[in-house]
Amino acid sequence: SLVEWMKTDYDMALTGTAQVDLQLPGMGDDWEGVLNGSIWTNDYLNTRDAVYGYPWYDEDLYGPFERVPRNLTAGGVAFFVGVVHTAVNKTLYNSVTLANDDLSYSHSYLNEESSSGTPSMVGSAEAFASLTKATSLVSESDLASLFTLAWRRNSSSFACPSSAEQFCETLPSGDSTNHTQYPADDETYLLLGDERAYLNPNTLTGPAPDELYGAVLLLFAPRS
């Protein structure tokens, strides 16, 4: 329904997808080795108390654990969709983040708003489902366990709907003549995403990766 809504209302087509990988091998229990650098961790991997979803990669082309950004073209929109794992009793804490390739920009959502003001993703699936007519396809109880978050390019014809405004961000733009850190409106954005899930409420250890579903990035671009 999201793909059809973007096509009919904004004349945009789905150009790519990528899923966060939650199945990577963990750091193990040798924390002294992790801290002194003798164990290679390369960003973040699963630990005893958490699952760290790794940005999508292609081991055949780029080697193990090499981050591969996804391209968001000028005028495009990126949606991050997935499961609020706290809502299905799999974790005590859940966060998702979208960032550019050099991490100079990032924006996160949590399973509940933090004291520092990081927003909650809860309610986002319902907000977008009411626009895309997905409420006729998915039950209210299921929607409450899902999230849908949007990031638009500054030049996009897609405007953050007022009913979903708290779940929609505009990516910062740069000016290519001034060589700022962000892409200009007519340049491609390189995006990375991750998901973090801490502590199964029953075991009080890291959740089982097989019981989680990694967030999925959906990329849209103008059809003409």
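- Between Ser163 and Leu131 the shortest side-chain heavy-atom distance falls below 4.5 Å.
- Atom CG of Leu2 is separated from atom OG1 of Thr148 by 7.0 Å, given to the nearest 0.5 angstrom.
- Tyr109 and His107 have perpendicular rings, their planes meeting at more than 60° on a 0 to 90° scale where under 30° would count as parallel.
- Two residues are said to be in side-chain contact when any heavy atoms from C-beta on lie closer than 4.5 Å; Val51 and Thr91 fail this criterion.
- Between Leu146 atom CG and Tyr213 atom OH the span is 10.5 Å, to the nearest 0.5 Å.
- Tyr182 has its side chain within reach of Asn100: a pair of non-hydrogen atoms, C-beta onward, lies under 4.5 Å apart.
- When side chains are defined from C-beta on, Val20 counts as touching Phe80, because their heavy atoms get closer than 4.5 Å.
- Within the 4.5 Å cutoff, the side chain of Cys160 has heavy atoms near those of the Arg152 side chain.
- Considering every non-hydrogen atom in both Pro207 and Ala50, the closest pair reads CD-CA, 4.4 Å.
- The minimum heavy-atom distance linking Pro172 with Tyr189 is given by the pair O-OH, 2.6 Å.
- Closest approach of Ser120 and Val122 over heavy atoms only: OG-N, 3.0 Å.
- Leu217 approaches Ala78 most closely through the heavy-atom pair CD1-CB, 4.0 Å.
- Taking OG1 from Thr15 and CG from Leu72, the interatomic distance works out to 7.5 Å, rounded to the nearest 0.5 Å.
- Exactly one residue among Arg196, Glu211, Glu195 makes a side chain to side chain donor-acceptor pair (under 3.5 Å) with His85. That residue is Glu195.
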Quiz item: Do Leu191 and Asn71 pass the side chain to side chain contact (heavy atoms under 4.5 Å, CB included) test, and can you show the C-alpha distance, the side-chain angles, and the key distance before you say yes or no?
Solution: CA-CA 6 Å; Leu191 296 178; Asn71 298 337; over 6 Å; no
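- With respect to Met6, the side-chain contact (heavy atoms from CB on, under 4.5 Å) criterion is satisfied by exactly one of Leu218, Val77, Leu14: Val77.
- How far CE of Met12 is from OG1 of Thr73: 8.0 Å, rounded to the nearest 0.5 Å.
- Looking at Asn94 and Leu110, their side chains never come closer than 4.5 Å, going by heavy atoms from C-beta outward.
- Applying the side chain to side chain donor-acceptor pair (under 3.5 Å) criterion to Ser145, with sequence neighbours excluded, gives no partner residue.
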Quiz item: Would Trp151 and Tyr105 count as a side chain to side chain contact (heavy atoms under 4.5 Å, CB included) if you check the C-alpha gap in whole Å, the side-chain angles of each, and the deciding distance to 0.1 Å?
Solution: CA-CA 12 Å; Trp151 281 263; Tyr105 166 83; 3.2 Å; yes
Practice problem: In sequence, state the C-alpha distance, the side-chain angles, and the governing distance for Thr86 and Lys90, and then conclude on side chain to side chain contact (heavy atoms under 4.5 Å, CB included). | Solution: CA-CA 6 Å; Thr86 54; Lys90 295 300 181 183; over 6 Å; no
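- The side-chain heavy atoms of Thr188 and Pro183, taken from C-beta on, include no pair separated by under 4.5 Å.
- No more than 12 heavy-atom neighbours from other residues, nucleotides or ligands sit within 6.0 angstrom of CD on Glu112.
- Under the 4.5 Å side-chain heavy-atom criterion for ILVMFWY residues, a single connected hydrophobic cluster contains both Val84 and Val88.
- For the ring pair (Phe, Tyr, Trp, His ring centres under 6.0 Å) condition, the pairs that include at least one residue of residues 154-175, sequence neighbours left out, are Trp5-Phe158, Tyr10-Phe158, Phe79-Phe158.
- To the nearest 0.5 Å, atom CG of residue Asp194 and atom OG of residue Ser108 are 7.0 Å apart.
- In this structure, CG in Leu98 is found 7.0 Å from CG in Leu171, a value given to the nearest 0.5 Å.
- Across all their heavy atoms, Gly214 and Leu22 have their closest contact at N-CD1, 3.4 Å.
- Here the shortest heavy-atom pairing between Leu204 and Leu199 reads O-CD2, 3.3 Å.
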